[in-house]
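What follows is one structure encoded as structure tokens, with my remarks underneath.
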Amino acid sequence: MTGRAPDPALVDEVIAWFDEVRRPFPWRDPDRTAWGVLVSEVMSQQTQMSRVEPKWREFVDRWPTPAAFAAASDAEAIRAWDRLGYPRRAVALRRCAEAIVAEHGGEVPADPEALLALPGIGPYTAAAVCSFAFGMPVPVVDTNVRRVLARAVHGEAIAWSPNPRRDAAEMAALLPADGERAAEWNAGAMELGALVCTARAPRCPECPIRGRCEWRGAGFPAAERTPRRQPRFEGSDRQRRGRVLAALRADPGGVELDRLAERLGLARLVPDELDAETARHRAAADSLVADGLAEREGGRIRLVGD
DNA sequence: GATACGTGGTG
DNA sequence: TCACCAAGTAT
């Protein structure tokens, strides 16, 4: 964390902008619950808010408390998760609900360390729950915030790579002492990164802090390094896992491993490819079992708890 | 520190 | 079209 001290006026201007344009997500309602906030944050991990909103409504309508969700089955949780992605989050969230019931009397703990110890809760989510559900003055740093601070404060085109200690220190340097105001700054910085200071095509003319942006002031210098490329999804094991899990979601009874290829519509491949793909899909099925998303019984595989 | 982990929006 | 990117976490 080198370079100039951050400009505190940034904070006021981002908060003022956020108060005007904030998107009215239900987990921002005054009547929100800490559980609702926690669910929204887990659903939002690597997932755009626009995709989260409809699923979140269904989810918290069905399971309004940690105790309610703890009583569900993993299979129900995975089906409710639908196509949000990273379905392991659904299982982790259910384990999290169980731990909240067992260790915290059914109440989401207002404590960063306690939250961090829960399944599926990392540094970002723990901080987000403390700030947004409980109004604690803690820094919340996601990919948007890293990018906003990299540009506005450090004059760099792209964010530094995630680093919990550095992330917290960078944001703490700007954090208002008042918890409610800190939450506005945390959420405002994220919103700015999501709506204006975007990765690919930033809308600088609309930016509330364009006059204070070091990146703009320096003439928008290009990134000095290129981020790692995301692996191709098409043809990946990730894609195969997704297809196998989709079949299991559709079949409460599970599927015979011998029928997996047929069930997945692989039958029209030429024989060599069929064999290879069948083997890979079986491996994907095994990895789902290893990850606790599915279970095997003899020659059948099904969703956990189905 | 690097890698695996889903699915869909965006330019 | 297609590569990039997304309110990260666990190992």
Side-chain angles (χ1 to χ4, degrees), chain A residues 18 22-23 25 27-28 37-56 78 81-93 95-96 115-133 139-149 157-168 171 183 185-203 223 225-249 283-284 287-288 290-294:
Chain A
F18 182 56
R22 64 191 312 165
R23 291 171 289 177
F25 293 121
W27 50 86
R28 289 176 173 168
V37 172
L38 193 159
V39 171
S40 79
E41 295 302 342
V42 172
M43 285 187 168
S44 301
Q45 292 166 4
Q46 293 286 284
T47 309
Q48 302 92 326
M49 290 297 200
S50 55
R51 295 179 57 207
V52 167
E53 184 166 359
K55 284 298 149 205
W56 183 88
I78 292 167
W81 206 255
D82 195 38
R83 299 183 64 79
L84 262 187
Y86 294 139
R88 57 170 56 171
R89 291 183 294 172
V91 173
L93 184 59
R95 299 271 180 277
C96 175
L115 284 162
L116 204 48
L118 296 169
I121 308 283
Y124 163 77
T125 305
V129 169
C130 286
S131 178
F132 303 142
V140 179
V141 181
D142 73 335
T143 187
N144 291 302
V145 173
R146 275 191 297 276
R147 185 174 54 251
V148 166
L149 295 182
I158 60 175
W160 62 90
S161 51
N163 174 325
R165 287 191 53 183
R166 175 175 179 185
D167 297 348
M171 198 60 170
W185 162 237
N186 285 327
M190 283 192 277
E191 195 90 326
L192 187 64
L195 300 181
V196 176
C197 193
T198 58
R200 208 105 72 89
R203 299 162 174 78
R225 60 190 174 78
T226 57
R228 278 191 63 79
R229 282 187 49 180
Q230 191 173 71
R232 184 182 188 83
F233 181 67
E234 192 65 32
S236 68
D237 287 330
R238 250 170 164 162
Q239 183 183 47
R240 292 187 189 92
R241 281 169 57 107
R243 285 177 175 162
V244 172
L245 199 66
L248 301 185
R249 274 197 297 255
S287 77
L288 290 172
D291 284 357
L293 292 167

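Numbers restart at 1 for each chain; the letters A, B, ... are given by sequence-line order, proteins then strands. Please read all numbers here as calculations on a predicted model, not as lab measurements.
Among dG6(B), dG8(C), dA3(C), the nucleotide with an atom closest to any side-chain atom of Pro87(A) is dG6(B). Residue Arg147(A) places its side chain closer to dA6(C) than to any other of dA6(C), dG8(C), dG9(B). Picking from dT7(B), dG9(B), dG8(C) the nucleotide with the shortest atom distance to the side chain of Arg83(A) gives dT7(B). The side chain of Gln230(A) approaches dC5(C) more closely than any other nucleotide in the set dT7(B), dT3(B), dC5(C).
Residue-to-nucleotide contacts include a donor-acceptor pair under 3.5 Å from the side chain of Arg200(A) to the base of dC4(C). If you check distances only, the side chain of Thr47(A) does reach the base of dG6(B) with a donor-acceptor pair under 3.5 Å.
Taking CG from Leu288(A) and CG from Leu248(A), the interatomic distance works out to 7.0 Å, rounded to the nearest 0.5 Å. Here CG of Asn144(A) is found 5.0 Å from CZ of Arg147(A). Values are rounded to the nearest 0.5 Å.
Among the atoms of the strands shown, base atoms are found under 4.0 Å from some heavy atom of Arg28(A). Within 4.0 Å of Gly122(A), counting heavy atoms only, lie sugar-phosphate atoms of the nucleic acid but no base atom. Within the nucleic acid shown, Glu191(A) comes within 4.0 Å of at least one base atom, counting heavy atoms only. Using a 4.0 Å heavy-atom cutoff across all strands shown, Thr125(A) reaches sugar-phosphate atoms only and no base atom. Across all strands, Arg22(A) comes closer than 4.0 Å to no nucleic acid atom at all (heavy-atom distances). Across all strands, Pro123(A) comes closer than 4.0 Å only to sugar-phosphate atoms, never to a base (heavy-atom distances). Using a 4.0 Å heavy-atom cutoff across all strands shown, Pro119(A) reaches sugar-phosphate atoms only and no base atom.
Side-chain N/O atoms of Arg51(A) include none lying less than 4.0 angstrom from OP1 or OP2 on dG9(B). Dashed line: the shortest gap from a side-chain N or O of Arg88(A) to OP1 or OP2 of dT7(B) is not under 4.0 Å. Considering only side-chain N and O atoms, Arg89(A) lies nowhere under 4.0 angstrom from the phosphate OP1 or OP2 of dT9(C). OP1 and OP2 of dG6(B) both lie 4.0 Å or more from every side-chain N or O belonging to Arg240(A). OP1 and OP2 of dA6(C) both lie 4.0 Å or more from every side-chain N or O belonging to Gln46(A). Between Thr143(A) and dC5(C), a side-chain N or O to OP1/OP2 separation shorter than 4.0 Å is absent. Of the side-chain N and O atoms in Arg241(A), one or more sit less than 4.0 angstrom from OP1 or OP2 of dG6(B).
Atom CG of Asp291(A) is separated from atom C1' of dA10(C) by 10 Å (rounded to the nearest Å). Taking atom CH2 of Trp81(A) as the reference point, atom P of dT9(C) lies 12 Å away to the nearest angstrom. Spacing between atom CZ of Arg249(A) and atom P of dG6(B) amounts to 10 Å, rounded to whole angstrom units. At whole-Å resolution of the value, CE in Met190(A) and P in dA6(C) are 14 Å apart. In this structure, the CD atom of Gln45(A) is 15 Å from the P atom of dA6(C), given to the nearest Å. Remark: P of dT7(B) and NZ of Lys55(A) are 13 Å apart, rounded to the nearest angstrom. Straight-line distance from the CG atom of Leu93(A) to the C1' atom of dA10(C): 16 Å, rounded to whole Å. Here dG6(B) presents its P atom at 16 Å from CE of Met43(A), a figure rounded to the nearest Å.
A search for side chain to side chain contact (heavy atoms under 4.5 Å, CB included) contacts involving Tyr124(A) returns Glu41(A), Ala128(A), Val140(A), Asp142(A), Met190(A), not counting sequence neighbours. The side chain to side chain contact (heavy atoms under 4.5 Å, CB included) test applied to Arg83(A) returns Arg249(A), not counting sequence neighbours.
Stacking annotation: Tyr124(A) is not stacked on the base of dG8(C) (requires ring centroids less than 5.5 angstrom apart and an interplanar angle below 30 degrees).
Under 4.0 Å is where a charged nitrogen must lie from a carboxylate oxygen, and between Arg23(A) and Glu53(A) no such pair does.
Screening Ile121(A), Val39(A), Leu115(A) for a side-chain contact (heavy atoms from CB on, under 4.5 Å) involving Cys96(A) leaves a single residue, Ile121(A). Checking each of Val145(A), Val148(A), Leu149(A) against Cys197(A) for a side-chain contact (heavy atoms from CB on, under 4.5 Å) leaves exactly one that passes, namely Val148(A).
Annotation: dT1(C) and dG6(B) have their P atoms spaced 26 Å apart (nearest Å).
With the nearest nucleotide of DNA chain B identified for both Leu245(A) and Pro231(A), Pro231(A) has the one nearer the 5' end.
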